[in-house]
Amino acid sequence: MIPLSVPNLAGNEWLYIKDCLDTNWVSATGSYVDKFERLIAEYTNTKYAVAVSSGTTALHISLLLAGVEQNDLVITNNLTFVATANAIKYLKADPILMDITPDSWQIDTELLANFLGLECEMKNGFCFHKASKKRIKALLPVHVLGNMAEMNELIILSEKYNLTIVEDAAECLGSLYKQKHADNWGKMATLSFNGNKIITTGGGGMILTNDEVLAKKAKHLTTQAKASTFDYYHDDLGYNYRLVNILAAMGVAQVEQLPLFVQRKQEISQRYNEKLTQIEGVKIQKINADVVSNCWQYVALFPDKLNLIKHLQTQKIEIRPLWIPINKLPIFVNDLYVSEQNNSGKISELGLMLPCSTSITNHEIDAVINSIFTFYQT
Ligand SMILES: Cc1ncc(COP(=O)(O)O)c(C=O)c1O
């Protein structure tokens, strides 16, 4: 079996986790939490990083800190992992599901500009969706599959319409836009360290920001809003969203290997791209100008996808279809989907994730490629 995406734990993971066990620092505080936060902040060139229990909880707290309230609207991508849209619902707000471009698969900034210009209006300094009369408080662009959204355009729109930008950067740690990482752009950005991400802590996440007040609030809210280290005085509705020391230790070992992981992911992607683009009808993701992608998860668009899936499964090659668009999921069917061409639907229909663990060998990649060639030749 060639697996889709498995963690690469070849570094100091055992050593650092053993250190936690040996010293009893296994829980919510400890030196590895601080170190992990510092290393990620340094790597992304962001002032503050707050470690949390998952990418989903990072999104929840970031949107809360962006001021999203009940009945507000938040604009996000229609083709993403469900956690992005779920986090909006946790706040009893609703998403406006924006379609993506047909080539980069990122939020369509032209469509967004038209929507804001024609279907929204400014009142008392806030942007309102005319039809629903609801306030649009935030913009939550997802950097899909390691490619990055056109942040320049999004920043211009966010300033014009007073929308707070939270970047869902779960998939793009190591990617660059105009030589800068995510969060040097929006107000906050969120990372995920789920098992399939470019680095993993098993489960975990991070909130990135350059704003000290927001960073302190994020730490406070994700650690039970404890106002004192001694007695049990909690001054806000807090959450137990901490990343424990034992997982942060794993994170430190993973960050040490991150540059190598990014390099290997890029090599894998290039190897697939060179061969798969020779097959008629197969399309690959176009990386936006100014972006260096971390090539987190390899996805291409394949005609006759369902039969290709069956074929690859018989060859013991693990593959997954790309996500179902958010507007097709029961929780979101009544939310507004803004689209002209339904690119999300079309890309979802053809998109297939191929094996791309950093530990995959070139021989295994070639086996996947050959198997795909065989399918289209017969
Ligand atoms: C775009 C995106 N957002 C959010 C998440 C949620 O992160 P987590 O699984 O760590 O909660 C993921 C992946 O898991 C993701 O790919």
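In each ligand, atom 1 is the first atom listed, and ligand 1 is the first ligand listed.
Remark: of the listed residues D99, N327, D335, N327 is the sole one forming a side-chain hydrogen bond (donor to acceptor under 3.5 Å, both in side chains) with N78. Under the side-chain hydrogen bond (donor to acceptor under 3.5 Å, both in side chains) test applied with E267, the options R271, Q270, K265, R264 reduce to a single match, R264. Screening Q257, K18, E256 against N12 for a side-chain hydrogen bond (donor to acceptor under 3.5 Å, both in side chains) leaves a single residue, E256.
Ring-plane geometry between H60 and Y239 is classed as perpendicular, the angle between the planes exceeding 60 degrees on a 0 to 90 degree scale with a lower cut at 30. The aromatic rings of F375 and H311 sit tilted relative to each other, their planes meeting at an angle between 30° and 60°.
N196 contributes no side-chain N or O that, together with a main-chain N or O of S5, makes up a donor-acceptor pair within less than 3.5 Å.
Close approach of ligand 1 to G55 is summarised as follows: ligand atoms under 4.0 Å from at least one heavy atom of the residue are 7 (O), 8 (P), 10 (O), 11 (O). Taking a cut-off of under 4.0 Å to the non-hydrogen atoms of G204, the atoms of ligand 1 that pass are 10 (O). Taking every heavy atom of V142 and a limit of under 4.0 angstrom, the matching atoms of ligand 1 come to 1 (C).
For ligand 1, the polar-atom distance check against T80 finds no nitrogen or oxygen pair separated by under 3.5 Å. The shortest N/O to N/O separation between A83 and ligand 1 does not fall below 3.5 Å. Between E171 and ligand 1, at least one N/O pair is under 3.5 Å apart.
Residue contact check for ligand 1: K197 places a non-hydrogen atom closer than 4.0 Å to it. In this structure, A58 does not count as a contact residue of ligand 1, since none of its heavy atoms falls inside 4.0 Å of the ligand.
Looking from atom 12 (C) of ligand 1 to the surrounding protein, the closest heavy atom is F81 CD2, 3.5 Å. Counting only heavy atoms of the protein, atom 7 (O) of ligand 1 lies nearest to S192 OG, 3.3 Å. Here the heavy atom of the protein found nearest to atom 3 (N) of ligand 1 is D168 OD2, 2.7 Å.
At a heavy-atom distance under 4.0 Å, no atom of T190 approaches ligand 1. When non-hydrogen atoms are compared, ligand 1 lies under 4.0 Å from the backbone of S54 as well as from its side chain. The parts of T56 lying near ligand 1 are both backbone and side chain, judged by heavy-atom distances below 4.0 Å.
A salt bridge links E212 with K216; the closest basic N to acidic carboxylate O contact falls under 4.0 Å.
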**Request:** Would you please test D72 and K134 for salt bridge (charged side-chain N to carboxylate O under 4.0 Å, His left out) and show each step?
**Result:** CA-CA 6 Å; D72 276 344; K134 288 185 174 183; over 6 Å; no

**Message:** Evaluate Y177 against V291 for side chain to side chain contact (heavy atoms under 4.5 Å, CB included), listing each step before the verdict.
**Reply:** CA-CA 4 Å; Y177 175 80; V291 174; 3.7 Å; yes

